[in-house]
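Here the structure comes first, spelled out in structure tokens, and everything after it is commentary.
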Amino acid sequence: MEKKSSFSSRIGFVLAAAGSAVGLGNIWRFPYLAAKYGGGIFLLVYLILAVTFGFALMVTEISIGRKTGKSVIDAYKLIDGRFSFLGYLAALVPIIIFPYYCVIGGWVVKFLTVYITGQEHEATSPEYFGNFIGSTAEPIICLAVFLFITALVVLLGVEKGIEKVSKFLMPVLICMSIGTAAYSLLLDGAVEGLVYYVKPNFSLFSIKTVIAAMGQLFYSMSLAMGIMVTYGSYMQKNDDLEKSVRNIEIFDTSIAFLSGMMIIPAVFAFSGGDPEALQKGPTLMFVTLPNVFVSMNGGHIFGLVFFILVLFAALTSAISLMETIVSIIADRFKIKRPVICLAVMLFSFLIAIPSSLGYGVLADFTIFKMQILDFFDFISNNIMMPIVALLTAVLIGFVVKPKYISDEVEVSGKFKSKKMYNVIIKYIVPVCMVIILVSSILGYV
């Protein structure tokens with residue numbers, strides 16, 4: 001049996017976990033949700049939820065990982081044998097997400113090559129993105145490139161691969177985000193977008209704002225998919241757990257906030273102040289933004305830097321998803337890491353192909369009226385993740401009690417937020433998860 005890997009330092013753990021949290025959810029999903037649900041009021045609600053609801057769930061998952069020293073399946077089994085099924089359910093989430101996430105990562109690879117090769121004007125055509133994802137070979141090749149880079153980092157292991165890459169990518173991401181946001185704010189008409197984004201307008205507040213912010217937080221922080229349990233199992237006992245979670249939240253929220261600063265003012269400037277221009281879902285990044293970039297002075301450089309940044313963010317999340325799957329298999333079977341990585345890469349590639357073709361030759365094949373990729377996204381993010389979080393809160397809040405977690409946190413320092421944590425994990429998390437589940441199901445129906 002191979003010796004359990006670990007991060008060499010607290011900063012290594014924080015940057016790797018933050019890298020997992022920072023992904024397409026921060027750079028693409030957060031800005032268009034902020035625009036759709038009231039700008040500044042959405043931002044305020046999100047921040048409140050991040051330091052309460054998000055904090056409690058992340059502390060729980062990292063503590064479970066560090067306390068048990070196991071990946072997600074064995075971790076839940078060790079806590080209480082009756083909840084073994086929950087480990088399997090949580091393990092299924094990254095297995096479902098990783099292949100289709102790599103499809104979207106492949107789209108980012110494609111658009112980065114567009115800016116590298118100077119084809120950004122062609123990309124402004126409304127049909128360009130649709131024609132690309134509707135084709136057969138090119139999206140699969142881009143998917144394979146993205147998947148190969150991800151697998152290479154995971155193959156190198158926790159300290160030599162994930163930690164080293166995260167120590168490089170996360171500071172670069174922060175610097176690029178600040179620079180790109182600053183440039184965006186200099187555009188004519190950008191100030192109006194900035195005001196809409198940062199100034200809370202309480203007349204725009206609704207329960208939908210809270211549900212959207214909660215869902216985004218869940219999606220953004222890599223919660224309820226086994227990732228934080230896995231990374232927690234690599235965390236050293238003397239690293240301050242509560243402080244680490246706060247640092248991860250700061251990194252994650254900062255990137256999300258800066259992404260809004262990059263995109264919302266720029267699109268406002270481009271659209272003449274129309275918030276609807278931001279509510280385009282996937283096409284925001286791949287259709288609207290290329291048009292924004294070509295309208296700017298220096299737009300080629302802006303676009304190139306932006307898609308490098310998006311690729312880095314997509315890779316850090318993909319790495320954590322694949323590492324979680326590899327860790328689960330390594331804990332269950334005595335197989336060498338290179339063999340597991342190769343098997344996971346090939347399996348994920350084969351499973352990703354239908355999602356890629358779902359916008360082309362398989363476009364007429366739908367599941368519950370959803371495209372293949374959209375179905376996998378709905379099942380994992382809207383159904384399975386809330387169920388995992390709900391049952392985890394029940395397990396910790398009412399079966400083994402919050403002391404199970406607070407004892408682990410206090411191994412490495414005082415748990416300053418213990419009282420708040422106890423209330424949130426027992427009462428607020430279950431209620432929030434039920435609200436997300438009900439709203440997801442009603443939204444589908």
Side-chain angles (χ1 to χ4, degrees), residues 14 17-18 20-22 25-26 29-30 33-34 37-65 198 200 202 205-225 227-229 232 240-257 260 381 385-398 401-406 408-410 413-440:
V14 167
S20 164
V22 172
N26 300 67
R29 200 169 185 263
F30 184 89
L33 284 178
Y37 292 102
I41 191 64
F42 176 88
L43 185 62
L44 178 63
V45 170
Y46 182 87
L47 291 173
I48 292 169
L49 288 173
V51 298
T52 53
F53 168 80
F55 169 79
L57 276 176
M58 190 173 286
V59 164
T60 300
E61 295 194 10
I62 291 174
S63 296
I64 287 172
V198 299
F202 289 91
F205 177 81
S206 69
I207 188 64
K208 288 183 178 179
T209 307
V210 179
I211 292 170
M214 205 186 305
Q216 169 60 21
L217 183 76
F218 206 52
Y219 183 88
S220 173
M221 287 190 167
S222 296
L223 299 170
M225 56 179 84
I227 291 174
M228 290 303 164
V229 174
D240 190 314
L241 197 151
E242 183 179 12
K243 195 173 182 180
S244 296
V245 171
R246 292 294 188 198
N247 289 339
I248 294 164
E249 284 193 311
I250 289 168
F251 271 106
D252 180 68
T253 307
S254 296
I255 293 288
F257 175 74
N381 286 285
M385 286 161 63
I387 290 173
V388 170
L390 171 62
L391 294 177
T392 299
V394 170
L395 171 62
I396 300 301
F398 298 97
K401 308 300 182 186
K403 190 176 184 297
Y404 182 90
I405 298 298
S406 57
E408 179 61 27
V409 176
E410 289 172 342
K414 187 178 179 183
F415 192 5
K416 296 174 185 176
S417 306
K418 186 196 289 189
K419 288 183 180 178
M420 180 188 81
Y421 171 82
N422 291 347
V423 172
I424 292 171
I425 202 66
K426 287 185 76 172
Y427 305 111
I428 296 176
V429 171
V431 170
C432 289
M433 291 303 95
V434 170
I435 290 171
I436 287 181
L437 270 171
V438 171
S439 64
S440 295

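What you see is a predicted model, and the numbers here were worked out from it, not measured in a lab. These values consider heavy atoms only, across backbone and side chains, with no hydrogens, waters or symmetry-generated copies.
- By the 4.5 Å heavy-atom criterion applied to side chains, Ile62 and Val245 are counted as neighbours.
- Using a 4.5 Å heavy-atom cutoff, the side chains of Val409 and Val59 are in contact.
- One finds the CZ atom of Phe202 at 5.5 Å from the CG atom of Leu44 (value rounded to the nearest 0.5 Å).
- Other residues, nucleotides and ligands contribute over 12 non-hydrogen atoms within 6.0 Å of the CZ atom of Phe398.
- With rounding to the nearest 0.5 Å, the separation of CG in Leu57 from CE in Met433 is 6.0 Å.
- Leu241 has its side chain out of reach of Phe415: every pair of non-hydrogen atoms, C-beta onward, lies at least 4.5 Å apart.
- Scanning both residues, Pro402 and Gly397, for their nearest heavy atoms gives CD-O, 3.7 Å.
- For the atom pair CG (Leu395) and CD1 (Ile425), the distance works out to 9.5 Å, reported to the nearest 0.5 Å.
- Distance check: Glu249 CD to Ser220 OG gives 10.0 Å after rounding to the nearest 0.5 Å.
- Rounding to the nearest 0.5 angstrom, the gap separating the CG atom in Leu49 from the SG atom in Cys432 is 6.5 Å.
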Name each donor-acceptor pair under 3.5 Å that joins a side chain in residues 210-217 to protein atoms two or more places apart or in another chain, with its distance.
| residue | atom | partner | partner atom | Å |
| --- | --- | --- | --- | --- |
| Gln216 | OE1 | Arg29 | NH1 | 2.9 |
| Gln216 | NE2 | Gly25 | O | 2.8 |

Side-chain donor-acceptor pairs under 3.5 Å in residues 417-424, sequence neighbours left out?
| residue | atom | partner | partner atom | Å |
| --- | --- | --- | --- | --- |
| Ser417 | OG | Glu242 | OE2 | 2.9 |
| Ser417 | OG | Arg246 | NH2 | 3.2 |
| Lys418 | NZ | Glu410 | OE2 | 3.0 |
| Tyr421 | OH | Thr60 | OG1 | 2.6 |

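- With hydrogens and angles ignored, the 3.5 Å screen pairs a side-chain donor or acceptor of Glu61 with a backbone N or O of Ala224.
- Contact detail for Phe218 and Pro386: the closest heavy-atom pair is CE2-N, 3.3 Å.
- Distance check: Leu223 CG to Thr392 OG1 gives 10.0 Å after rounding to the nearest 0.5 Å.
- Within the 4.5 Å cutoff, the side chain of Phe205 has heavy atoms near those of the Val45 side chain.
- Not one N or O on the side chain of Thr253 forms a donor-acceptor pair closer than 3.5 Å with the backbone of Ile250.
- Taking every heavy atom of both residues into account, Ala256 and Phe30 meet most closely at O-CD2, 3.3 Å.
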